[in-house]
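Below, each value reflects all heavy atoms present in this structure, side chains not excepted, and no hydrogens, waters or symmetry copies. We count residues from 1, following the sequence as given.
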Amino acid sequence: MATMRAVRFHGVRGELRVEQVPIPEPGAGQVRVRVGACGVCRTDLHVIDGDLREPSLPLVPGHEVVGRVDSLGTGVRGLELGQRVGIPWLASTCGLCRHCANGRENLCEQARFTGYHVDGGYAEYTVADARFCLPIEGSKSDVETAPLLCAGLIGYRAYKMAGDAPRIGLYGFGAAAHLIAQLAHLEGRRIHAFTRPGDIDAQRFARDLGAVWAGGSDRLPPEPLDAAIVFAPVGDLVPAALRTLDRGGQVICAGIHMSEIPSFPYEILWHERSIRSVANLTRRDGEEFLALTSTTPIRASVEVFPLERASEALRRLRSGELQGAAVLDFEL
């Protein structure tokens, strides 16, 4: 039986193993993808750290997957052998519930997720439901494209929730924020970047990408904001973000997990300020954002790692040492 290298999580908090496992075969409606690159996402940390408590074990993490279709299961339509595709967080939905019927498949109660319920991309090959794979066009490499599949897509969904807000704050200037900052700058928005206090490098990085102001998350910006997107999984940042808002502004929480939000005075919520959350993504989000990034100069800043160093990439993500995104490059 042919085997492949895969990084697997067996349920011991924070522990990943590089193993030789059988190459999977696609079932009906599935494709097998030879992985070219897979992004390393904060959600992967939430899985292996136990914040998301129902993973299918043993599990291959990873849901920012880019590669080429290597094998077709029966009944697959619309994809071809050799075609480049992306495999995002949303692995499948029921397709029948009221949420799916109303274009909000991201809220489907039967949804399954890549690198959580089904094996993901920390492996040389993976299989996926063909209907939820996203065709990848354009000249960006697999490594450049991988962070778009979650950091980009969740960031894009949060950004859309901000509407036409001209002044936007981004809390946590990592993989998602550095992509959305570029989009917002292209669209003429005024971006204010909030980093860990004292993180001069991240603040400089944000200004280089078009932020008009960058400072610690313990500071107030020089002008009131119309929206603030919180990417960092830190509940304390929600009331901090509320304090930056102009009347009618909104805080958008863009993470899948967050520490507890502390109590705060009603005064900072009053004047029709609001708090919203982002949950998952839809295929339409993926199609829109990938089409947009294929025709604009938006670029992911990446640090690449071989598969065997996945644990190191996650450790550096956890400690805030990365600038931009980490990506596993299967050419290394």
Exercise. Which word best sums up how the rings of Trp89 and Tyr116 line up, parallel for under 30°, tilted for 30 to 60°, or perpendicular for over 60°?
Worked result: parallel
Whether the side chain of [X] engages the backbone of [Y] through a donor-acceptor N/O pair (distance < 3.5 Å, no angle test) should be reported.
{"X": "Ser56", "Y": "Val118", "result": "no"}
{"X": "Asp70", "Y": "Arg34", "result": "no"}
{"X": "Thr282", "Y": "Glu105", "result": "no"}
{"X": "Asp226", "Y": "Arg167", "result": "yes"}
{"X": "Gln182", "Y": "His178", "result": "yes"}

Problem set entry | Any side-chain donor near an acceptor of the partner, Glu109 and His99, under 3.5 Å |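 Not at all, the side chains of Glu109 and His99 share no donor-acceptor pair under 3.5 Å.
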Exercise. Have Asp44 and His63 got a donor and an acceptor in their side chains that come within less than 3.5 Å?
Worked result: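 Yes, His63 and Asp44 have a side-chain donor paired with an acceptor closer than 3.5 Å.
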Seminar exercise, completed: Applied to residues 227-252, the ring pair (Phe, Tyr, Trp, His ring centres under 6.0 Å) test, sequence neighbours excluded, yields none
Within a 6.0 Å radius of atom [atom1] on [X], are there more than 12 heavy atoms belonging to other residues, nucleotides or ligands?
{"X": "Glu137", "atom1": "CD", "answer": "no"}
{"X": "Glu312", "atom1": "CD", "answer": "yes"}
{"X": "Asn102", "atom1": "CG", "answer": "yes"}
{"X": "Gln110", "atom1": "CD", "answer": "no"}
{"X": "Arg273", "atom1": "CZ", "answer": "yes"}
{"X": "Arg283", "atom1": "CZ", "answer": "yes"}
{"X": "His185", "atom1": "NE2", "answer": "no"}

Considering only NZ, NE, NH1 and NH2 on the basic side and carboxylate oxygens on the acidic side, decide whether [X] and [Y] come within less than 4.0 Å.
{"X": "Asp49", "Y": "Arg318", "value": "yes"}
{"X": "Glu25", "Y": "Arg32", "value": "yes"}
{"X": "Asp142", "Y": "Arg84", "value": "yes"}
{"X": "Glu308", "Y": "Arg5", "value": "yes"}

List the atom of [X], the atom of [Y], and the distance in Å for their closest heavy-atom pair.
{"X": "Leu179", "Y": "Pro147", "result": "CD1-O, 4.0 Å"}
{"X": "Glu64", "Y": "Ala151", "result": "OE2-N, 3.0 Å"}
{"X": "Ala227", "Y": "Ala165", "result": "CB-CB, 3.9 Å"}
{"X": "Gly216", "Y": "Phe194", "result": "O-CD2, 3.8 Å"}
{"X": "Gly39", "Y": "Tyr122", "result": "O-CE1, 3.9 Å"}

